[in-house]
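Accompanying notes for the structure given below.
Computed from a prediction, not measured in an experiment: that's the story for all the values here.
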Amino acid sequence: PPYHAHMWAMNISGVYPMPADDLPAFTPAHVQAASDEGILIVDARYKTSFAEAHIPGSWGMELGSDFATWIGWLLPFNTPMVLILDDEDSLEEARTALARIGFEDIRGVMRGMSQWIDEGRPTVSHETMKARGFLESADESPQVIDVRAPTEWVDGTLEGARLIHLPDLIESVPDDLEPDRPVYLGCTTGHRAS
């Protein structure tokens, strides 16, 4: 992951205190203004909540054990961000995980999407399904991208699926995908596919 290039300097400099200052509670207007300035929106809510409704252009990275790894792998180092968390999500957990990899430029946090939706602001959603549901509903030649790691592909993948590791897909989306047909992204748990 690209953030590894910055870790040696952080590790050599020794232990430093974790961020302790309070983050501002953002309203939808604050989030929109930040997005308009080019600040990334990281939606750390559970993957099914993200699938139901999220802010266009936001990054869905569920808070959990791999949260910081994927932030560090997919986003520019220490990029400014706004966090979207559900009420029960731990802000301290998110900030600590991010600080451990050198991501400390968090501008604010918005709790949940209800106010955003109540204000009539735009959202995006996508369907989620388990493999069996996919096999029962997909058309004859579905556009499938398996975003798992190459080491996982040796255990098997769907016939006809494109094997594109998630970091590579972020760099370049295949230009021969048919935009008028669904594209299915698959991984082990749905975390990376979101």
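We find the CZ-CE distance between Phe103 and Met81 to be 5.5 Å, quoted to the nearest 0.5 Å. Rounding to the nearest 0.5 angstrom, the gap separating the CG atom in Asp43 from the CG atom in Leu63 is 11.0 Å. Between His165 atom NE2 and Ile170 atom CD1 the span is 10.5 Å, to the nearest 0.5 Å. If you take OG1 on Thr128 and OH on Tyr184, they are separated by 12.5 Å, rounding to the nearest 0.5 Å. Going from atom OG1 of Thr96 over to atom CD1 of Ile101 covers 12.0 Å, rounded to the nearest 0.5 Å. In this structure, CH2 on Trp70 lies 11.5 Å from CG on Leu75, to the nearest 0.5 angstrom.
Side chain of Glu119 to main chain of Pro28: no donor-acceptor pair is present (N/O by atom type, distance under 3.5 Å, no hydrogens or angles). Proximity of a side-chain donor or acceptor of Ser58 to a complementary backbone N or O of Ile55 within less than 3.5 Å is detected. A donor-acceptor distance shorter than 3.5 angstrom exists from the side chain of Arg181 to the backbone of Ser141, with no hydrogens or angles considered. With hydrogens and angles ignored, the 3.5 Å screen pairs no side-chain donor or acceptor of Arg111 with any backbone N or O of Leu85. Here the side chain of Asn78 pairs a donor or acceptor atom with the backbone of Glu104 at under 3.5 angstrom.
The environment of CZ in Arg132 is sparse: at most 12 heavy-atom neighbours from other residues, nucleotides or ligands sit within 6.0 Å. The 12-atom threshold is exceeded at CD of Glu88, counting heavy atoms of other residues, nucleotides or ligands nearer than 6.0 Å.
For the residue pair Thr157 / Asp146, a side-chain donor-acceptor distance below 3.5 Å is found, with atom types taken as modelled. If you check the side chains of Thr188 and Glu152, you find a donor sitting under 3.5 Å from an acceptor.
Of all heavy-atom pairs spanning Pro122 and Trp116, the tightest one is O-NE1, 2.8 Å. Contact record, Val31 with Met110: CG2-SD, 3.7 Å, taken as the closest heavy-atom pair. Contact between Pro167 and Leu74 at its shortest, heavy atoms only, is CA-CD2, 3.8 Å. Shown here for Ser194 and Phe50, the closest heavy-atom pair between the two residues is O-CE2, 3.5 Å. Residues Lys47 and Glu62 share a closest heavy-atom pair of N-OE1, 3.1 Å. Of all heavy-atom pairs spanning Arg107 and Pro24, the tightest one is O-CG, 3.2 Å.
Side-chain heavy atoms closer than 4.5 Å link hydrophobic residues (I, L, V, M, F, W, Y) into clusters, and following such links, even through other members, never connects Ile39 to Met61. Cluster membership check: Val124 does not share its hydrophobic cluster with Val183, using side-chain heavy-atom separations under 4.5 Å among Ile, Leu, Val, Met, Phe, Trp and Tyr. Each of Leu163 and Val154 belongs to its own hydrophobic cluster when Ile, Leu, Val, Met, Phe, Trp and Tyr are linked at side-chain heavy-atom distances under 4.5 angstrom.
Ile145 places a side-chain heavy atom less than 4.5 Å from the side chain of Leu177. Using a 4.5 Å heavy-atom cutoff, the side chains of Leu40 and Ser35 are not in contact. Contact annotation: the side chain of Val82 never approaches that of Ile106 to less than 4.5 Å [non-hydrogen atoms, C-beta and beyond]. The shortest side-chain heavy-atom distance between Phe67 and Val42 falls under the 4.5 Å cut-off. The shortest side-chain heavy-atom distance between Met113 and Glu52 does not fall under the 4.5 Å cut-off.
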Inset, instruction - Step by step, work out the side chain to side chain contact (heavy atoms under 4.5 Å, CB included) result for Ile84 and Ile41. - result: CA-CA 7 Å; Ile84 310 295; Ile41 310 303; 3.7 Å; yes

Inset, instruction - Assess whether side chain to side chain contact (heavy atoms under 4.5 Å, CB included) is satisfied between Phe26 and Val109, documenting all intermediate values. - result: CA-CA 5 Å; Phe26 271 21; Val109 62; over 6 Å; no

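For His54 and Trp59, the gap between ring centers reaches or exceeds 6.0 Å.
Ionic pairing of Asp176 and Arg162 is present here: one or more N-O contacts between side-chain nitrogen and carboxylate oxygen are shorter than 4.0 angstrom.
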